[in-house]
There are 2 protein chains.
Amino acid sequence: MKKIQIKKEVSKNFKKHNHKLCYETSMKAFHKNCLEKNLKLTPLRLKVFELLLKDHRPIGAYQILDMLSKEGFSSTPPIAYRVLDFLIEQGFAHKIERFNAFIACSHPGSKHSPTFMICRKCDKVAEMCEKDSRLKLDKKSLSEFQIEESIIEIIGICKSCNQLETIKC
Amino acid sequence: MKKIQIKKEVSKNFKKHNHKLCYETSMKAFHKNCLEKNLKLTPLRLKVFELLLKDHRPIGAYQILDMLSKEGFSSTPPIAYRVLDFLIEQGFAHKIERFNAFIACSHPGSKHSPTFMICRKCDKVAEMCEKDSRLKLDKKSLSEFQIEESIIEIIGICKSCNQLETIKC
DNA sequence: AAGTCAATGTTATATTATAACATTAATTTA
DNA sequence: TAAATTAATGTTATAATATAACATTGACTT
Ligand SMILES: [Zn+2]
Ligand SMILES: [Zn+2]
Ligand SMILES: [Zn+2]
Ligand SMILES: [Zn+2]
């Protein structure tokens with residue numbers, strides 16, 4: 001089996017890229033992880049994950065419900081929230097608090113607290129791993145607070161949108 | 001006029017401290033800033049700020065509405081949200097995205113994006129200034145994304161709650 | 001085949017937030 | 001000062017997000 005090599009650059013999410021490959025890689029990882037952890041990969045779960053993978057933009061629970069309904073799935077709120085809970089719990093998706101919306105994880109397989117870059121022009125989101133984003137607290141704070149989880153969402157403008165703006169002017 | 005000296009330690013929010021002084025200092029800063037910036041400090045705005053200052057715990061818009069109603073203010077949702085918008089816009093309050101709740105700012109006077117430590121036991125929140133909390137992004141990311149604002153919320157357990165837990169065991 | 005449990009389905013309702021327009025109070029201008 | 005303007009508050013209605021509680025289904029065990 002040929003090993004697929006993808007460039008692990010976070011900012012690719014904002015640019016034109018081979019999203020089909022991007023999608024397939026994530027989907028494969030999802031299948032693999034479910035298999036390994038003996039998690040049931042039901043049609044509903046698969047469909048929701050598929051929706052989350054569409055285009056690096058977070059989507060709301062009610063958007064998901066709309067799309068589920070169009071595809072013939074049941075679509076009352078708990079349907080979406082339960083699957084989202086499952087995906088988040090298992091490290092396959094994240095909630096973007098800023099937008100009350102959800103996105104597929106870029107490093108699936110275990111619970112973690114990544115940093116998100118959110119472009120306010122194109123609404124795309126990139127997930128950074130620990131290596132690329134570190135929160136440095138002073139010693140005193142560290143000693144006084146036991147960190148369990150962190151929400152880090154950076155809002156700004158991605159390079160693609162920035163360049164478009166520059167060209168326009 | 002005697003200058004009041006307060007210890008600028010963020011973690012004080014989690015501990016027993018002279019909250020009366022804490023409260024009065026914030027309230028004074030609020031008055032001073034409104035005066036300087038020529039902002040109208042109306043009874044409603046004052047009351048909401050007062051509520052936000054109560055105990056270092058974020059409160060929801062509908063909690064605020066309840067309290068306003070008890071004090072004889074009008075209390076339909078826009079009343080709360082408008083005042084909160086004003087306070088946030090002017091740098092006197094922040095929204096804690098994790099809880100959809102609001103808290104008085106610890107360094108009032110200008111818009112900023114602080115880091116919050118949120119204790120999941122006692123629900124108290126401490127706001128850290130830039131000096132005590134820095135987000136370090138790698139060069140590549142910095143060059144590809146123009147940061148405008150950040151949401152940083154750390155969830156964990158404060159020292160006070162942690163000690164209580166240890167004693168119990 | 002009966003029992004168990006996880007997943008999904010369903011109904012109802014809670015919580016958070018905004019849109020749109022009306023009234024009042026403060027400030028500015030004539 | 002009276003009229004005009006604007007900022008703040010009041011009001012009604014509704015949108016958007018999320019959960020509680022219970023029913024049904026289907027897979028897996030025993
Ligand atoms: Zn992609
Ligand atoms: Zn962009
Ligand atoms: Zn205090
Ligand atoms: Zn605590």
Side-chain angles (χ1 to χ4, degrees), chain A residues 30-31 33-35 37-52 57-90 92-103 123 151 153, chain B residues 30-31 33-35 37-52 57-90 92-103 123 151 153:
Chain A
F30 182 46
H31 275 91
N33 265 281
C34 284
L35 199 68
K37 294 203 240 159
N38 202 27
L39 300 170
K40 253 161 261 181
L41 214 178
T42 63
L44 181 61
R45 288 171 175 179
L46 191 57
K47 174 53 69 185
V48 171
F49 188 67
E50 217 176 287
L51 296 173
L52 292 177
R57 286 183 177 89
I59 51 180
Y62 283 76
Q63 279 179 276
I64 291 174
L65 287 169
D66 272 358
M67 296 189 272
L68 286 178
S69 134
K70 276 171 197 154
E71 311 236 14
F73 288 86
S74 176
S75 58
T76 54
I79 294 289
Y81 284 105
R82 275 190 301 228
V83 174
L84 288 167
D85 281 351
F86 164 82
L87 293 174
I88 291 169
E89 196 61 35
Q90 299 299 333
F92 298 124
H94 297 289
K95 180 174 186 182
I96 304 295
E97 297 287 344
R98 175 60 179 250
F99 296 139
N100 297 316
F102 305 86
I103 195 161
D123 299 322
I151 294 165
E153 297 175 2
Chain B
F30 183 45
H31 275 91
N33 267 280
C34 285
L35 200 68
K37 294 203 237 158
N38 202 25
L39 300 170
K40 254 162 262 181
L41 213 178
T42 63
L44 181 60
R45 289 171 173 179
L46 191 57
K47 173 54 69 183
V48 171
F49 188 67
E50 216 176 288
L51 296 173
L52 292 176
R57 287 183 175 91
I59 51 180
Y62 284 75
Q63 278 180 278
I64 290 174
L65 287 169
D66 273 357
M67 295 189 275
L68 286 178
S69 133
K70 276 172 198 153
E71 309 235 15
F73 288 85
S74 175
S75 57
T76 54
I79 294 288
Y81 284 104
R82 276 192 299 231
V83 174
L84 289 167
D85 281 350
F86 165 83
L87 293 173
I88 291 168
E89 196 61 35
Q90 298 299 332
F92 298 124
H94 297 287
K95 180 174 184 181
I96 303 296
E97 297 287 343
R98 175 57 180 253
F99 296 140
N100 298 316
F102 305 86
I103 194 160
D123 299 320
I151 294 166
E153 297 175 1

Touch class at under 4.0 angstrom, heavy-atom based, for B:Thr42 against every strand present: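 The answer is sugar-phosphate, as B:Thr42 gets under 4.0 Å only of primed atoms, P, OP1 or OP2.
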
Sugar-phosphate, base or nothing in reach of A:Ser74, heavy atoms under 4.0 Å: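 The residue A:Ser74 makes sugar-phosphate contact but no base contact.
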
Acceptor/donor pairs from residues 93-101 of chain B side chains to any protein atom, 3.5 angstrom cut, sequence neighbours excluded:
residue : atom : partner  : partner atom : Å
B:His94 : NE2  : B:His112 : NE2          : 3.2
B:His94 : NE2  : B:Glu127 : OE2          : 3.2
B:Arg98 : NH1  : A:Glu149 : OE2          : 3.0

[N] phosphate, OP1 or OP2, under 4.0 Å from [X] side-chain N/O:
X	N	result
B:Lys47	D:dT9	no
B:Tyr81	C:dA17	yes
A:Asn100	D:dA16	no

Atom-pair distance ([atom1] on [X]; [atom2] on [N]), nearest Å:
X	N	atom1	atom2	result
A:Ile59	D:dA16	CD1	C1'	16 Å
B:Gln63	C:dA14	CD	C1'	14 Å
B:Phe73	D:dG10	CZ	C1'	14 Å
B:Glu97	C:dT16	CD	P	13 Å
A:Leu68	C:dA7	CG	P	17 Å
A:Leu39	C:dT8	CG	C1'	17 Å
B:Arg98	C:dT16	CZ	P	14 Å
B:Leu44	D:dA7	CG	C1'	13 Å

Pair of N/O donor and acceptor under 3.5 Å linking D:dA18 base with A:Tyr62 side chain: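 Yes.
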
Side-chain (A:Gln90) to main-chain (A:Leu87) donor-acceptor, under 3.5 angstrom: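 Not at all, since once roles are kept as given, no pair shorter than 3.5 Å links the two residues.
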
Approximate separation, where rounding is to 0.5 Å, of A:Ile151 CD1 and B:Ile151 CD1: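 A:Ile151 atom CD1 to B:Ile151 atom CD1 measures 9.0 Å (nearest 0.5 Å).
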
Distance in Å, B:Phe30 CZ paired with B:Leu52 CG, rounded so as to fall on 0.5 Å steps: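 Between B:Phe30 CZ and B:Leu52 CG, I get 9.0 Å after rounding to 0.5 Å.
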
Pairs satisfying salt bridge (Lys or Arg N to Asp or Glu O under 4.0 Å), at least one member in residues 60-82 of chain A, at least two apart: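 Sorted result for residues 60-82 of chain A: A:Lys47-A:Glu71.
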
Qualifying residues under side-chain contact (heavy atoms from CB on, under 4.5 Å), relative to A:Glu89, sequence neighbours excluded: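 Only A:Lys111 meet the side-chain contact (heavy atoms from CB on, under 4.5 Å) criterion with A:Glu89.
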
Non-hydrogen atoms of A:Ile103 and A:Arg57 that approach each other most closely: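 Taking every non-hydrogen atom into account, CD1-C, 4.2 Å.
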
Partner set under side chain to side chain donor-acceptor pair (under 3.5 Å) for B:Arg45, not counting sequence neighbours: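 For B:Arg45, no residue satisfies side chain to side chain donor-acceptor pair (under 3.5 Å) once neighbours in sequence are set aside.
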
Degree of bending in the helix from C:dA1-D:dT30 to C:dA30-D:dT1 once both end axes are built from five pairs, to 10°: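 What I find for the helix from C:dA1-D:dT30 to C:dA30-D:dT1 is an axis angle of 20°.
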
Contact pattern, 5' to 3', of nucleotides 21-30 of chain D - B, S or - by protein heavy atom under 4.0 Å: ----------

Aromatic ring pairing A:Phe92/A:Phe86, orientation class (parallel under 30°, perpendicular over 60°, tilted between):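 The rings of A:Phe92 and A:Phe86 sit tilted, inter-plane angle from 30° to 60°.
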
